[in-house]
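The structure appears below as structure tokens.
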Amino acid sequence: MRLWIKNIPQYLNKTITLYGWVDSRRDHGKIIFIDLRDRTAKVQVVFSPAQAETYKLAEKLRVEWVVEIKGRVNLRPENMQNPKILTGKIEIAAEELQVISQAQCLPFEISDDNKSVNEETRLKYRYLDLRSSRLERNLINRHRIIKFIRDFLSERDFIEIETPILTKSTPEGARDYVVPSRLEPGKFYALPQSPQQYKQLLMVAGLERYFQIARCFRDEDSRGDRQPEFTQLDLEMDFPSQEDILKLIEELLKELVTKIYPEKKIKEFPFPRISYQEAMKRYKSDRPDLREANAKGEKDPNELAFAFVIEFPLFEWKKEEKRWGAVHHPFTRPKLEPGETIEGVIKKIKQNPSLLLANQYDCVLNGNEIGGGSLRISEPELLKAVFEILGHQPEEIEAKFGHLLRAFKYGVPPHGGIALGLDRIIMLLQNEPSIREVIAFPKTGDGRDLMMEAPSPIDEKQLKELHLKTLNS
Ligand code: ASP
């Protein structure tokens, strides 16, 4: 395995071979200095005319060339040492140099200030943009967060299960991305807006505690800082109380912050639980920012004010469409009054849907919604009543949700879960202004991948195989 630059200080007075990118180059009189960079660190390399052939080659070096350098690890003269950087006490006296790959003039400079570069250019050349140490740090911490989550949940007997990407439409409130079927003309798969129905079916299957770092796809008009595909920590468990789920999540977030972001402070623990009604009354928002601003009106990004908003209404009246909609999604369990029966709730749904509250909870951080979930309906007749009030016809209910209604007839445990928006959480913890800064290959606000140039036309042959005709072909 090649030697990482961060480990060079262990090789003082030894001759080593290094690989990396030329980060910068300075000529001082007769001496050429370069900083060589790999993922872990940078180190200063010195080329002196005494090594005539190597020196001649070094004169040609330009930034971002990939090179192999053999040289001796020397202590720098004391007045040249820089204790602030990992390799600041040493330098490499180059003996041999090999150019592995040249780089042509870059469309922008590689630097942590890349936010000032035009974003379309950054996205088109994302592989260059990602060379900045800021984006590299974002991706490394993203990895650490996901690894932490996997370990935390595995220790609590959750198992990670993958669910299909080619599936059927799920009603999470957005438009589906669809994929035409070649083998079944005129039929389509949908990409999951979330693994909602699969995770409920895993509970019917008796897997009891599921999680997944899940990719979700929602075809929404460009609205704020959204991506057509994004990543959720999705989980579901059986026999939960609402508090079981909230406690699990607040423990997870607290431990994550303590381990990976020790410089950050959680404002209040346990996280405050605020009812939807109170949040709207006191903060005029269902995702209130509970941090206090200082005299200048600023808020400390290292202060993390988490909260749970609970007791949402089950339904909302959609004025434009003149129909009831689910505030969370149709699978959310209504709150039952003490002694209330399922028949009683069904009656209420039919007569006065606005009276019902939901076993729904949102997780909020510094004024952002970072997740949400609910306890679920597991009685087929109750679920049917919800679909009906949402305006679905009986045949449609059977066609769209028959599988779930059927599954619930074979021994279903009460269950519930939550999903956390990982991109947004990582953005907030990394103090970044947009989720695009914490996703390796994000799309533009209007859903284009500028590097791959997607979406793109497909050829006639592919269209024909898929039994498709575009309107202008
Ligand atoms: N599927 C829901 C969502 O994506 C989360 C949940 O209810 O667990 O918002």
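In listed order, ligands and their atoms are each counted from 1.
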Notebook entry, point to check: Between R406 and F408, is NZ or CZ placed under 6.0 angstrom from the six-membered ring centre and within 45° of the ring axis?
Noted result: no
Check: Purely on distance, is any nitrogen or oxygen of K199 under 3.5 Å from one on ligand 1?
Finding: yes
Checklist line | Check against ring pair (Phe, Tyr, Trp, His ring centres under 6.0 Å), F312 and Y276 | finding: CA-CA 5 Å; F312 283 80; Y276 170 80; 5.1 Å; yes
Notebook entry, point to check: At a non-hydrogen distance cut-off of under 4.0 Å, which region of R376 contacts ligand 1 (side chain, backbone, both, or neither)?
Noted result: side chain
Margin query: Using a 4.0 Å cut-off to any heavy atom of R218, which atoms of ligand 1 qualify?
Written below: 3 (C), 4 (O)
Item checked: Cationic N near anionic O, under 4.0 Å, R436 to D423 -> no
Item checked: For ligand 1, the portion of Q197 having any non-hydrogen atom under 4.0 Å away -> neither
Check: Taking the six-membered ring of Y189, is NZ or CZ of K168 closer than 6.0 Å to its centre and within 45° of its axis?
Finding: no
Check: Which of the numbered atoms in ligand 1 are below 4.0 angstrom from a heavy atom of G373?
Finding: 6 (C), 7 (O)
Checklist line | Side-chain (N138) to main-chain (N141) donor-acceptor, under 3.5 angstrom | finding: no
Check: Looking only at heavy atoms of E236, does any of them come nearer than 4.0 Å to an atom of ligand 1?
Finding: no
Next item on the list: Find all atoms of ligand 1 within a distance of less than 4.0 Å from any non-hydrogen atom belonging to S194, and give their numbers and elements.
Entry: 1 (N), 4 (O)
Check: Does I5 reach the side chain of K42, with side-chain heavy atoms less than 4.5 Å apart?
Finding: no
Notebook entry, point to check: Using a heavy-atom cut-off of under 4.0 Å, does the side chain or the backbone of A419 touch ligand 1, or both, or neither?
Noted result: both
Next item on the list: Dump the intermediate steps for ring pair (Phe, Tyr, Trp, His ring centres under 6.0 Å) on F239 and H415, then the final yes or no.
Entry: CA-CA 6 Å; F239 304 101; H415 55 284; 9.6 Å; no
Margin query: Geometry only, no angles: is S374 polar-contacting ligand 1 at N/O separations under 3.5 Å?
Written below: no
Notebook entry, point to check: Can E369 be said to touch ligand 1, with heavy atoms closer than 4.0 Å?
Noted result: no
Notebook entry, point to check: Which of these, R209, R150, K199, K147, sits in a salt bridge (Lys or Arg N to Asp or Glu O under 4.0 Å) with E160?
Noted result: R150
Next item on the list: Mark up the atoms of ligand 1 that fall under 4.0 Å of a heavy atom belonging to Q232, in ascending order.
Entry: 3 (C), 4 (O)
Next item on the list: Examine the proximity of ligand 1 to I418 and report which part, side chain or backbone, both or neither, has a heavy atom under 4.0 Å away.
Entry: backbone
Notebook entry, point to check: Should you measure from each heavy atom of H328, which atoms of ligand 1 turn up under 4.0 Å away?
Noted result: 6 (C), 7 (O), 9 (O)
Item checked: Polar contact flag for D234 and ligand 1 (N/O pairs, less than 3.5 Å) -> no
Margin query: Quick one, L382 and P334 - any side-chain contact, counting heavy atoms below 4.5 Å?
Written below: yes
